[in-house]
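Submitted below is the structure of interest, expressed as structure tokens.
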2 protein chains.
Amino acid sequence: MATISDVAKRSGLSKTTVSRVINNYPHVTPEKREKVLKAMEELAYTPSPAARRMRGQLKSSIGIIVTRITNPFFTYLVDAIEQLAYKKGYQVMVFQSNDDREKELKYLSLLKTKQVDGIILAATVNEWETIEPFTEYGPIVFCNEFIKGTGLPTVRLDEVGASYEGMMHLIGRGHTKIAYCTGGVLEGNERNIGFQRALKEAGIDLNLQWIFLNKYNIDGGKQVVRAMLRMDDRPTAVFAGGDEVAAGIILEAKEAGLRIPEDLAVIGFDDQPLAELLDPKLTTIRQPVKQMGEEALENMITALNSGSVKNADRILSAELVVRQTT
Amino acid sequence: MATISDVAKRSGLSKTTVSRVINNYPHVTPEKREKVLKAMEELAYTPSPAARRMRGQLKSSIGIIVTRITNPFFTYLVDAIEQLAYKKGYQVMVFQSNDDREKELKYLSLLKTKQVDGIILAATVNEWETIEPFTEYGPIVFCNEFIKGTGLPTVRLDEVGASYEGMMHLIGRGHTKIAYCTGGVLEGNERNIGFQRALKEAGIDLNLQWIFLNKYNIDGGKQVVRAMLRMDDRPTAVFAGGDEVAAGIILEAKEAGLRIPEDLAVIGFDDQPLAELLDPKLTTIRQPVKQMGEEALENMITALNSGSVKNADRILSAELVVRQTT
DNA sequence: ATGAAAGCGCTAACAA
DNA sequence: TTGTTAGCGCTTTCAT
């Protein structure tokens, strides 16, 4: 591999001048620039990333922390980011936190040692106090995930509006007995605000019996149906909170002889590929994953280039996709 | 960030000695080693990866080239690799070739510039002649993908055995009119050998009309059914070559009023999560993705440490998962 | 067993 | 506008 010295020698100029050309500095006469370029060409020279990185000049590797890449939402997010990153000349490292605080911190630490130049945080299990110190070592931007008042560039879904729209769709279909599933808990969750707002506007009382917490996969969905079957007063519709939960609900409901949507209407969240595979096809709320990923990456690149992060809280809208389960 | 000099100063020893401790070299007295360790501890010192990398000492970032990460097979492969890599202290970079020769080469080139220390090739669209030169710059190992006679460590599925087993299952169910789908072409493909072997053993003639090439997604599966419906002599079973193709087949067949498996038996390939979501649930051939990824990573680590690759061609067995479509 | 010094490939301060 | 020189943080001869 040719080095900068080789190029200097071959072009009859100094390393400095070559460096200037590489980095597009001013004050280099066109002729000399040409000479350098020619020498680089002839030697098939590429600057050593390791050396440039050591000098703090190279910033091209971006880490993205997700919970689990097998979660289709994250899969598509990583896909979108990688596609754009490639075009822009960046490499992306995939980090799965597995919802493990330790693991997340280990990955954040890569920023400290410059193993990665910036991190897109798409999921986090740590408190802001724990994360904050890392911002000193390199840019961190939020994508999908969001912590209030951090001042970090954020791209996220309008969760309130999304769940509100989904609920209004169910209510518009005449439902008043609506069950609600969520991956986490009830409070402090944006999405739940939209849910409750819709209920209130429609003058429907919140029935805590129909709230299912910690449901985030197919099994969770099945559990929901089993629980509902045991009730005297059953809901006629369910806001699943996720397509996979919705899938579990549909599977188990059909198993139990319920007709969908006649006996039970179901609305998912995410619009994953499986939504169209289900029978009946799933009505769901589509997230603008691609856009989310791309804007987050743009934020990252800006931060990398400017050396500072701009406080931008970008909120994207979801889109209701009506199919057959409502 | 503390540097090696700081540690040297604090411990009252030379940088050389510190370096020796870091790299576990012999000829360092236990007491001095202790001193160094203590100083490192106190300064919270971590060697600079960039510097070590420049000296050719650090090898911790592994790239994995896949076609598209949204293909669940690759998703799970990347997942398996990342999980193990984390434990072993490596970082994985995800590269999507999108079946684009150029893009694949760009990513392979990262090896040249040491942006990545080794590459796990899980899919390739380039010829061996094109890839081979890159082996000079860092280890390349095959995983899932496979090119004959390269001498590179390979972990792959026993495709012949897998398709043979799937076919024998259909034949055992009494089918003799079996359609066959494949993502690529017919010849030069291991999987097709098993298919033809099973036919031959059962004394069934190959009906070229029932061979469908270039089918690799849901749409492809739908096309297959539409084509079959136009035939006078229709197959009673279909080997889908992939779960997504199988999904398309099932969807379209149901649409057309065909009963599954009575009118048309379907067997998939991969055992993706969607297999259990389909109605009826998909009989399919499960690939040992996790094991495949882990063994490939082990090969990579070995290569990284030894500086050379051992020629190992590891072949893993698939497992037939019988559900409701056969 | 230990250290001084040179050098990996690059950039930056300072001169010229 | 260009070059000289001194590092960045680490490893590696080569002495001692």
Side-chain angles (χ1 to χ4, degrees), chain A residues 1-40 43-61 110-115 117 137-138 305 307, chain B residues 1-40 43-61 110-115 117 137-138 305 307:
Chain A
M1 287 262 76
T3 78
I4 197 173
S5 301
D6 300 329
V7 178
K9 217 165 285 169
R10 178 151 195 132
S11 61
L13 296 161
S14 74
K15 291 196 296 175
T16 312
T17 305
V18 176
S19 175
R20 286 194 177 107
V21 171
I22 295 172
N23 296 286
N24 275 313
Y25 277 19
H27 309 310
V28 179
T29 48
E31 309 112 65
K32 311 232 168 185
R33 175 181 300 277
E34 262 319 309
K35 270 191 181 169
V36 170
L37 255 19
K38 183 153 165 286
M40 283 172 43
L43 295 167
Y45 165 78
T46 332
S48 151
R52 302 191 71 199
R53 188 178 296 271
M54 198 168 81
R55 304 278 1 200
Q57 282 305 116
L58 183 73
K59 292 170 182 314
S60 74
S61 70
L110 295 179
L111 220 42
K112 248 191 200 168
T113 54
K114 301 279 178 233
Q115 307 238 67
D117 303 306
Y137 304 106
N305 292 335
Chain B
M1 287 263 77
T3 77
I4 198 174
S5 300
D6 300 330
V7 178
K9 219 164 284 169
R10 180 153 193 128
S11 60
L13 295 162
S14 74
K15 291 196 296 175
T16 313
T17 305
V18 177
S19 176
R20 286 196 176 105
V21 171
I22 295 173
N23 296 287
N24 276 312
Y25 278 17
H27 307 310
V28 179
T29 49
E31 310 111 67
K32 310 229 168 187
R33 174 180 303 276
E34 263 318 308
K35 271 192 180 169
V36 171
L37 256 18
K38 183 152 164 288
M40 282 171 46
L43 294 167
Y45 165 78
T46 332
S48 150
R52 303 192 70 199
R53 189 178 295 270
M54 198 169 81
R55 305 282 354 212
Q57 281 306 115
L58 182 72
K59 293 171 182 315
S60 73
S61 70
L110 295 179
L111 220 42
K112 250 191 197 167
T113 53
K114 302 281 179 231
Q115 308 237 66
D117 302 306
Y137 303 106
N305 292 335

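Each chain gets a letter, A, B and so on, in the order the sequences are listed, and its residues count up from 1.
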Within the structure, does a side-chain N or O atom of A:T17 lie under 4.0 Å from either OP1 or OP2 of D:dG3?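 True: A:T17 side-chain N/O within range (under 4.0 Å) of D:dG3 OP1/OP2.
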Between atom CG in A:L58 and atom C1' in C:dG9, what is the gap in whole Å?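 It is 13 Å, rounded to the nearest whole Å.
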Counting primed atoms plus P, OP1 and OP2 as sugar-phosphate and everything else as base, spell out the protein contacts along nucleotides 8-16 of chain D at 4.0 Å heavy-atom distance: B, S or - for each nucleotide, 5' to 3'. BBBBB----
Rounding to a whole Å, what distance do you find between A:K9:NZ and C:dC10:P?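 Value for this atom pair: 13 Å.
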Under the salt bridge (charged side-chain N to carboxylate O under 4.0 Å, His left out) definition, can you give me all pairs with a residue in residues 22-39 of chain B, not counting sequence neighbours?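 Output for this query lists B:K38-B:E42.
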side-chain hydrogen bond (donor to acceptor under 3.5 Å, both in side chains) partners of B:T29, counting only residues at least two apart: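 Not a single residue meets the side-chain hydrogen bond (donor to acceptor under 3.5 Å, both in side chains) criterion with B:T29.
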For B:K114, check side chain to side chain contact (heavy atoms under 4.5 Å, CB included) against everything at least two apart and list the hits.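 Not a single residue meets the side chain to side chain contact (heavy atoms under 4.5 Å, CB included) criterion with B:K114.
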Mind calculating the distance between CG (A:N24) and P (C:dA12) to the nearest angstrom?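 Roughly 14 Å, once rounded to whole Å.
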Not counting sequence neighbours, list each pair that qualifies as a salt bridge (charged side-chain N to carboxylate O under 4.0 Å, His left out) and has a residue in residues 45-55 of chain B.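 Passing the test, one end in residues 45-55 of chain B: B:R53-B:D117.
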Shortest non-hydrogen contact between B:T3 and B:Y45, atoms and distance: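 In terms of heavy atoms, the two residues are closest at C-CE1, 3.5 Å.
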I'd like to check the side chain to side chain contact (heavy atoms under 4.5 Å, CB included) partners of B:T46; sequence neighbours left out, ordered by chain and number.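 Here the qualifying residues are A:T113.
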